[in-house]
There are 2 protein chains.
Amino acid sequence: MAKSEIKSETAHSPRDPGTTSSSASARPARRAASAKTETPYHHGALREALLQAAERVLEREGLAGLTLRAVAREAGVSHAAPTHHFGDLTGLVSELAAIGFRQFNAAMVSACDAATTPLERTLARPKAYVAYAQAHPGMYGLMFRTERLDYSRPSLHEASEASFAGLANAIGAMRQEQISGDALTLDQGAAIARAWSMVHGFTTLLLDGRLKDILERLPKGTTAEQLLQAMLTSTVVPKLPGC
Amino acid sequence: MAKSEIKSETAHSPRDPGTTSSSASARPARRAASAKTETPYHHGALREALLQAAERVLEREGLAGLTLRAVAREAGVSHAAPTHHFGDLTGLVSELAAIGFRQFNAAMVSACDAATTPLERTLARPKAYVAYAQAHPGMYGLMFRTERLDYSRPSLHEASEASFAGLANAIGAMRQEQISGDALTLDQGAAIARAWSMVHGFTTLLLDGRLKDILERLPKGTTAEQLLQAMLTSTVVPKLPGC
DNA sequence: GCGAAATCTTTACACTGTCAATATTGCGCC
DNA sequence: GGCGCAATATTGACAGTGTAAAGATTTCGC
């Protein structure tokens, strides 16, 4: 798929010790080696290390560069090590997406908590949504690229459900009504679909660079965030018929 | 990447003659073969045949199955033949996406033409948008999966620009004002971004199965199209603050 | 009709996911 | 303590992929 510029595949050089300070100092020697800094056969916390490596690879090289072998290289283990922890590529990608959803939800919760004025309370959530996507484009792209994910995995399913529930609650709060879990009116459904579609659509178009044309034609210096706010708050109703 | 169940790679059996009736009958024999139905060395219209094959593969096997070699097999030529016409995979995918944008635009134009009542004129375009995506999920997914496309290709650039221009004009018509090509007010930009984000977001969420939860909770029998219409026409303004 | 250019095939290489077989280690249990 | 089993990680292999280079075949301009 790619070109080259790959190191050595079976590279097993002494891993840089302590990227996350997780008991990485002075492990027992590996094989018959005499050096004490050799990497041990058993990693100890490889699963987490692989997920962190995967996130680094993803944000550095993009979705296409996120391969099992690249992640293994990044983590300094053999190419087949990830399989044992995630089954296959879909497994690893799905677990990474679950982490993304949790980060994502946490970002929105803390943005809501920080909001004070009424306007802030209205805009905190969508702004945090877009901000997360801009700060972690690789992760966001992964989370909404369904074809590579396995939603039957509990961790992913739960995390993305939580994301949806948070949205529905926010809409409920805006409409000053309780949104029950198991039944919706058409109006309620439309409100949720509108909010979600608008923010999600805006985000994907923005990340894909498709809003550049619009932003360039706006008054000089207008940011994406300002456009988002205008889009969400403007009450000018069009005079209808189109085409 | 995949498992197996692949035929023979170098398979070069007599192509089934005349899938699209394009001068496929009784060509000169190939190599020292005596049979008259042998495939000729030169295909004649391989470029178009490859694009059609690619669309079939895409809708049949999904985005992950759209590989250069699979397309070559589908078209009955050697695995390296597509390279000569498209340079690389990105090239083929980009040309296919350009075709998608043209189909897409044509669908919206004809939907607009068919609209008579005011309500129809308002909803024709978004409905056609979603309908195209549902009818050609593979193509739609391809068109908006930027990482695999090369927008510097004139055909793709033009076709997607036309799509944007059509949208901007429709919004202009709704606001009863001319939208000039080179400058926009924040209100105009917001209106365009809102319409595009809403419809594009709705479509991707729908195709990714993420609206299923909502649809299931709506009054029994509610379709995605009805939800779309409600989302676009409902004038119930939320009482604001959220979170 | 002939040489050059276009078209298509063949061959080769580096990369990928995934499986099976092996090596190494940790842990419970006697 | 030591012993065996299960977990963990590596090695090796195989089929599939994109893409480049070299060869074969045909078309086309002159």
Side-chain angles (χ1 to χ4, degrees), chain A residues 1-13 15 23 27-33 38-50 54 57 61 63-73 75-93 148 150, chain B residues 1-13 15 23 27-33 38-50 54 57 61 63-73 75-93 148 150:
Chain A
M1 240 156 184
K3 264 307 169 42
S4 49
E5 62 174 292
I6 300 295
K7 308 303 166 54
S8 65
E9 181 70 27
T10 334
H12 228 265
S13 52
R15 222 173 317 115
S23 73
R27 295 222 198 73
R30 160 89 169 287
R31 219 75 63 106
E38 276 292 323
T39 61
Y41 198 99
H42 278 43
H43 182 285
L46 184 52
R47 196 191 139 89
E48 281 64 34
L50 285 171
V57 170
E61 324 217 355
L63 234 170
L66 183 61
T67 70
L68 278 179
R69 291 169 110 108
V71 170
R73 278 193 298 271
V77 294
S78 77
H79 70 262
T83 303
H84 193 263
H85 288 277
F86 303 101
D88 57 7
L89 180 60
T90 300
L92 184 140
V93 164
R148 298 189 69 172
D150 175 13
Chain B
M1 242 161 184
K3 263 299 166 48
S4 51
E5 62 175 291
I6 298 298
K7 307 303 167 53
S8 64
E9 182 66 28
T10 336
H12 229 266
S13 52
R15 225 178 310 120
S23 75
R27 294 221 199 77
R30 160 93 169 283
R31 220 72 63 108
E38 277 292 324
T39 61
Y41 198 101
H42 278 44
H43 181 287
L46 184 53
R47 196 190 140 91
E48 281 66 33
L50 285 171
V57 170
E61 325 218 353
L63 233 170
L66 184 61
T67 69
L68 277 179
R69 292 168 110 109
V71 170
R73 278 194 299 270
V77 294
S78 78
H79 71 262
T83 302
H84 192 264
H85 289 277
F86 303 101
D88 57 8
L89 181 59
T90 299
L92 182 136
V93 163
R148 299 188 67 170
D150 175 13

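Throughout, a chain's letter reflects where its sequence line sits, starting with A, and its residues are numbered from 1. Fair warning: this is a prediction, and the values are worked out from it, not measured in the lab. Any value given below was found using the heavy atoms of this structure, including those in side chains, with hydrogens, waters and symmetry copies removed.
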*asked:* For the CZ atom of A:Arg73 and the OG1 atom of A:Thr67, what is their distance to the nearest 0.5 Å?
replied: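 Separation between the atoms: 5.5 Å.
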*B:Leu92 to B:Ala54 - nearest heavy-atom pair and separation*: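 Between these two residues, the closest heavy atoms are CD2-CB, 3.9 Å.
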*What pair of heavy atoms forms the shortest contact from B:Val57 to B:Ala70, and how long is it?*
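Shortest heavy-atom separation between B:Val57 and B:Ala70 comes out as CG2-O, 4.2 Å.
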_Phosphate OP1/OP2 of C:dT16 contacted by A:Thr67 side-chain N/O (<4.0 Å)_ =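 Yes, A:Thr67 has a side-chain N/O under 4.0 Å of OP1/OP2 on C:dT16.
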*Do the side-chain N or O atoms of B:Arg73 get closer than 4.0 angstrom to the phosphate oxygens (OP1, OP2) of D:dG16?*
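For D:dG16, OP1/OP2 do not have a side-chain N/O of B:Arg73 under 4.0 Å.
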*Between the base of D:dG16 and the side chain of B:His79, is there a donor-acceptor distance below 3.5 Å?*
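There is none.
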*With a 3.5 Å cut-off and just heavy-atom distances, do the side chain of A:Arg69 and the base of C:dT18 make a donor-acceptor pair?*
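Flag set: donor-acceptor pair detected.
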_What residues from residues 80-89 of chain A pass a heavy-atom cutoff of under 4.0 Å to DNA chain D?_
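Of all residues in residues 80-89 of chain A, the ones placing a heavy atom under 4.0 Å from DNA chain D are A:Ala80, A:Ala81, A:His84, A:His85.
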Could you state the atom-to-atom distance from [atom1] of [X] to [atom2] of [N] in whole Å?
{"X": "A:Leu50", "N": "D:dA9", "atom1": "CG", "atom2": "C1'", "answer": "11 Å"}
{"X": "A:Leu68", "N": "C:dC19", "atom1": "CG", "atom2": "C1'", "answer": "13 Å"}
{"X": "A:Glu61", "N": "C:dC15", "atom1": "CD", "atom2": "C1'", "answer": "13 Å"}
{"X": "B:Leu66", "N": "D:dG18", "atom1": "CG", "atom2": "C1'", "answer": "13 Å"}
{"X": "A:Leu63", "N": "C:dT16", "atom1": "CG", "atom2": "C1'", "answer": "15 Å"}

*For B:Leu89, what residues pass the side-chain contact (heavy atoms from CB on, under 4.5 Å) criterion, not counting sequence neighbours?*
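B:Leu89 satisfies side-chain contact (heavy atoms from CB on, under 4.5 Å) with B:Leu68, B:Val93, B:Arg148 only.
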*Residues which pass side-chain contact (heavy atoms from CB on, under 4.5 Å) with A:Ala81, listed by chain and number, not counting sequence neighbours*: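 Once residues adjacent in sequence are excluded, the partners of A:Ala81 under the side-chain contact (heavy atoms from CB on, under 4.5 Å) criterion are A:Leu46, A:Val77, A:Ser78.
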*Between D:dT10, C:dT9, C:dT18, which nucleotide gets closest to the side-chain atoms of B:Val77?*
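The closest nucleotide is C:dT9.
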